[in-house]
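Side chains included, hydrogens not; waters and symmetry mates left out as well; all remaining heavy atoms used. Throughout, protein chains are lettered first and strands after them, A, B, ... in sequence-line order, and every chain is numbered starting at 1.
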Number of protein chains: 2
Amino acid sequence: MSSNVDKKNEESDVCAVDFAFRRIGGKYKGRILWHLNRHNILRYGELKKEMNNITTKMLTQTLRQLEQDELINRKVYHQVPPKVEYSLTEIGYELIPFVHYLENWGKKQLENKNQ
Amino acid sequence: MSSNVDKKNEESDVCAVDFAFRRIGGKYKGRILWHLNRHNILRYGELKKEMNNITTKMLTQTLRQLEQDELINRKVYHQVPPKVEYSLTEIGYELIPFVHYLENWGKKQLENKNQ
DNA sequence: CTGTATCCTTGAAGATACTG
DNA sequence: CAGTATCTTCAAGGATACAG
């Protein structure tokens, strides 16, 4: 792999940007990471309430993607009724500074708009 | 505005995250910012080459959005043939640290994958 | 060279009903 | 409680032709 990376290093850099954007893109991923960071651990239902109006389909689907990309942990308690807890993985946690950075940037833009 | 922000501060925080994600979401925005930062100024055609396979429709459309959100400048030289230069605004430039953060994060994940 | 204008395809997201 | 399963809608993105 490193053989063809050498000549076109710029390309692989861009791919990394692209790769990362695909990982955190979509309508809900940023907000889910934000909430999970704020609460450390959230059950499915708790997260759904925080997300306000998201459908179960979208929430489940998005959580599965995040889990597959290893940005979040999913811990199932085999009880009745069931209990499932979500939390950030280390990799996911590494995105938090960036989420906060974006949040502050966004706040700044919103303030300027409302003046 | 600040009156109803007090009681539900968390909500406005999330909105800022959401707001920012919409600004830099989409398939090409991150990469465009990345290239503009790298080259300072790029003409339409140069940027198109850098972007590799993007259609004129998508490139123009995305550039117009970025311009409207004041993340980039568009400078037209009324010549024949025309010449248009794109560059980052100050606001857009403020997103660069975040693009780089994501880039490094992405590189790290890609390295782990290929091992 | 820097775009517009159309038409078309695809995938993301939403609504709703149902289940272990 | 924590999801699945379908069906539908809609906007993002792509292909192609043309223009100032």
Heavy atoms of other groups near [X] [atom1], more than 12 under 6.0 Å:
X: Y93(B); atom1: OH; answer: no
X: Q79(A); atom1: CD; answer: yes
X: F19(B); atom1: CZ; answer: yes

Give the rounded distance in Å between these two atoms: [atom1] of [X] and [atom2] of [N].
X: Q61(B); N: dT2(C); atom1: CD; atom2: P; answer: 19 Å
X: M58(B); N: dA5(C); atom1: CE; atom2: P; answer: 16 Å
X: L59(A); N: dC1(D); atom1: CG; atom2: C1'; answer: 13 Å
X: I54(B); N: dA15(D); atom1: CD1; atom2: C1'; answer: 14 Å
X: I32(B); N: dG13(D); atom1: CD1; atom2: C1'; answer: 13 Å
X: N53(A); N: dA13(C); atom1: CG; atom2: C1'; answer: 14 Å
X: K75(B); N: dG3(C); atom1: NZ; atom2: P; answer: 15 Å
X: M51(A); N: dA2(D); atom1: CE; atom2: P; answer: 16 Å

Query raised in the report: Among R43(A), E46(A), R74(A), which one satisfies side chain to side chain contact (heavy atoms under 4.5 Å, CB included) with E85(A)?
Result: R43(A)
Between the protein and nucleotides 3-5 of chain D, which nitrogen or oxygen pairs come in under 3.5 angstrom?
| from | atom 1 | to | atom 2 | distance (Å) |
| --- | --- | --- | --- | --- |
| dG3(D) | OP1 | R64(A) | NH2 | 2.9 |
| dG3(D) | OP1 | R74(A) | NE | 3.4 |
| dG3(D) | OP1 | R74(A) | NH2 | 2.5 |
| dG3(D) | OP2 | Y86(A) | OH | 2.7 |
| dT4(D) | OP1 | R64(A) | NH1 | 2.5 |
| dT4(D) | O4 | T56(A) | OG1 | 3.0 |

**Report entry** Spatial distance of atom SG (C15(A)) from atom CZ (R22(A)) [nearest 0.5 Å]
**Finding:** 7.5 Å
Requested in this report: Specify the angle, to 10°, made by the local axes at the two ends of the helix from dC1(C)-dG20(D) to dG20(C)-dC1(D) when five pairs are taken at each end.
Outcome: 60°
Query - Short side-chain N/O contact from K48(A) to OP1 or OP2 of dC1(D), under 4.0 Å - result: no
Report task. Report yes if at least one side-chain N or O of R43(A) is closer than 4.0 Å to OP1 or OP2 of dA2(D); otherwise report no. Result -> yes
Requested in this report: For Y28(B), answer base if it contacts any base atom (sugar-phosphate contacts may also be present), sugar-phosphate if it contacts only those atoms, and nothing otherwise; contact means non-hydrogen atoms under 4.0 Å.
Outcome: sugar-phosphate
Report task. For R64(B), enumerate each residue passing the side-chain hydrogen bond (donor to acceptor under 3.5 Å, both in side chains) test, keeping only those at least two apart in sequence or located in another chain. Result -> none
Query - Shortest non-hydrogen contact between K48(A) and I54(A), atoms and distance - result: NZ-O, 2.8 Å
Query raised in the report: Is there a donor-acceptor pair under 3.5 Å between the side chain of T62(B) and the backbone N or O of Y28(B)?
Result: no
Query raised in the report: If you measure only the distance, is there a donor-acceptor pair under 3.5 Å linking the side chains of T56(B) and Y44(B)?
Result: no
